[in-house]
Protein chains: 2
Amino acid sequence: MSLLDASLIADIPLFQGVARQDLVELLSKAKSERYVKERTIFNQGEDAHSFFLLLDGHIRVVRITPEGEQVIVRYISSGELFGIAHALGLDKYPANAVSAVDCVVLSWPGAIWKSVSEKFPAFTANTYKTVGARLQEAQDKVVELATERVEQRVANAILKLANQTGKKTEDGILIDFPVSRQDISEMTGTTLHTVSRLLSAWEQEGIVKSGRKKITVIEGHKLAVLAGGDQRS
Amino acid sequence: MSLLDASLIADIPLFQGVARQDLVELLSKAKSERYVKERTIFNQGEDAHSFFLLLDGHIRVVRITPEGEQVIVRYISSGELFGIAHALGLDKYPANAVSAVDCVVLSWPGAIWKSVSEKFPAFTANTYKTVGARLQEAQDKVVELATERVEQRVANAILKLANQTGKKTEDGILIDFPVSRQDISEMTGTTLHTVSRLLSAWEQEGIVKSGRKKITVIEGHKLAVLAGGDQRS
DNA sequence: ACCGGACTTTGCTCTCGCGCAAATAGCGGC
DNA sequence: GCCGCTATTTGCGCGAGAGCAAAGTCCGGT
């Protein structure tokens, strides 16, 4: 892709340890794509035709149950891989990917995963590190869902979003893409009603400030207390 | 390991595609160990000194929360890898591993992971396939915990155990290692009381038969319906 | 500026499943 | 075979949070 400048993206942790010329070659095999917000990049169950690197924006990865309920598995931030079914030995995407905002994405044909992974070991190693980290995260989430109550889970989800993608404003830390109450509920296994009630209560106490698809964390430490060992008697 | 006969374990899916002589070399670097039941193989947070292959028995992988609650992440059956922190880019074990019954285990020093993974690509590929499958599983569990109710989750957990390790008896399919009500509750994010109540009810209906640390599935199809319908048996 | 749809708030009710407690039963060790 | 420990069962009450419903609010489009 002549439009891509390797020096702009060499800093991505994913390319740590990858030689500059390997990086150039890797990028030459990729295609750059733009998605306006709320566009589907791929669907669960679909043939895994490509794997992706998010260059700019935020992407929501969603699983849909047979009953039609949605669960948000994670948000992808820029610099992260997604849709790497091939690296996991899958031939179908296990989830949907949807742009939460306008996005720029690099895509490689899935068919070249094998040759790429053989040719660029540093890249491959970083990829598997990512996979390892995600396995960790997923298991953390299992533990959280199995042991913590809704209030803690919601507090934790908001904290994570704020840490992952927070932007400083004069009010506090703003999650810099649109997140609805429903989204939060789909991240935490609850309902939008409960999330709304919690946010209202927290706003009363000055812990957060929230609006339509917008959440600002004012007192992160108080949220952290709610997320962690909140002992009630 | 002169005691190990490569031909006995060449059939393990993990070694699919690995040349016989590579397999022999791989095994020569491993150490065989025995654990009587309820022995700790490694602990969460401990330095990842080794990675393991279970040759015989069943192993419980458990995470412990800061509050001391336990969550059973998975059971390992014979032929499966575990403790592969190194392959995930971790330097500490993220969970405990405990033998559920008497076990035979192969262990490799963690330090050789890198060289092994470079030298035996087929083995490495299979390992990462395993990791991918586990990521899948973990995310399935997240979805399950987030959307299904306790009865479905418990039914599903028991079905999975029966499929994974079930032994045919005249009564039905017996889970062939000791599982307590508490264990089931720690797999499903509920309490031993609720599990006990469910098993009692199911026993009334002739769906299962259970005793002390013992569960026999009699009518798998009925359990599958309770679990939510999309389960194979 | 207005309209309509999407998002949010909030009240009320109801129930699933947890927490506590006490009784019972089965297994292993001596 | 007996004892003690551990696992299991079961009753009861309660509370977190889901489900339902209706009102309110904000935003984008024409």
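Quick note: numbers below take in every heavy atom, side chains included, and nothing from hydrogens, waters or symmetry partners.
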Atom CZ of Arg181(B) and atom P of dG17(C): how far apart are they, to the nearest Å? 18 Å
Asp102(B) with Arg34(B): basic N within carboxylate O range, under 4.0 Å: no
Charged N-O contact under 4.0 Å between Glu38(B) and Arg60(B): yes
Anything under 30° is parallel, anything over 60° is perpendicular, the rest tilted; go ahead and classify His49(B) against Tyr93(B). perpendicular
How would you label the contact of Ser180(A) with the nucleic acid (heavy atoms, under 4.0 Å): base, sugar-phosphate, or nothing? sugar-phosphate
Between dT8(C) atom P and Lys214(A) atom NZ, what is the distance in whole Å? 12 Å
Any N or O donor-acceptor pair linking the side chain of His193(A) to the base of dT8(C) at under 3.5 Å? no
Given atom CD of Glu148(B) and atom P of dG17(D), what is their separation to the nearest angstrom? 19 Å
Looking at the side chain of Arg149(B), which of dT9(D), dG17(C), dT8(D) is the nearest nucleotide? dG17(C)
Looking across every strand, which nucleic acid part, if any, lies under 4.0 Å from Arg212(A) by heavy atom: base, sugar-phosphate, or nothing? base
Whole Å only: how far is the CD atom of Glu186(B) from the P atom of dC18(C)? 13 Å
Contact between Phe82(A) and Leu53(A) at the side-chain level, heavy atoms closer than 4.5 Å - yes or no? no
Round to a whole Å and report the spacing from CG of Asp183(B) to P of dT8(D). 8 Å
Rounded to whole Å, NZ of Lys209(A) lies from P of dT9(C) at a distance of 12 Å
Indicate, with a heavy-atom threshold strictly under 4.0 Å, whether Arg197(A) touches base, sugar-phosphate, or nothing. base
Answer yes or no: does a side-chain N or O of Thr191(A) lie under 4.0 Å from OP1 or OP2 of dG17(D)? no
Pair Glu151(A) + Arg153(A), salt bridge at N-O below 4.0 Å: no
Let me know the distance between NZ of Lys213(B) and P of dT6(D), rounded to the nearest Å. 11 Å
Over how many whole Å does the gap from Leu192(B) atom CG to dT9(D) atom P extend? 9 Å
Of the listed nucleotides (dT10(D), dT8(C), dC18(C)), which one gets closest to any side-chain atom of Thr194(B)? dC18(C)
Quick one: label Ser196(B) by what it contacts on the DNA or RNA (base, sugar-phosphate, nothing), any heavy atom closer than 4.0 Å. base
Specify the residue among Val179(A) and Arg153(B) whose closest nucleotide of DNA chain C lies further upstream toward the 5′ end. Val179(A)
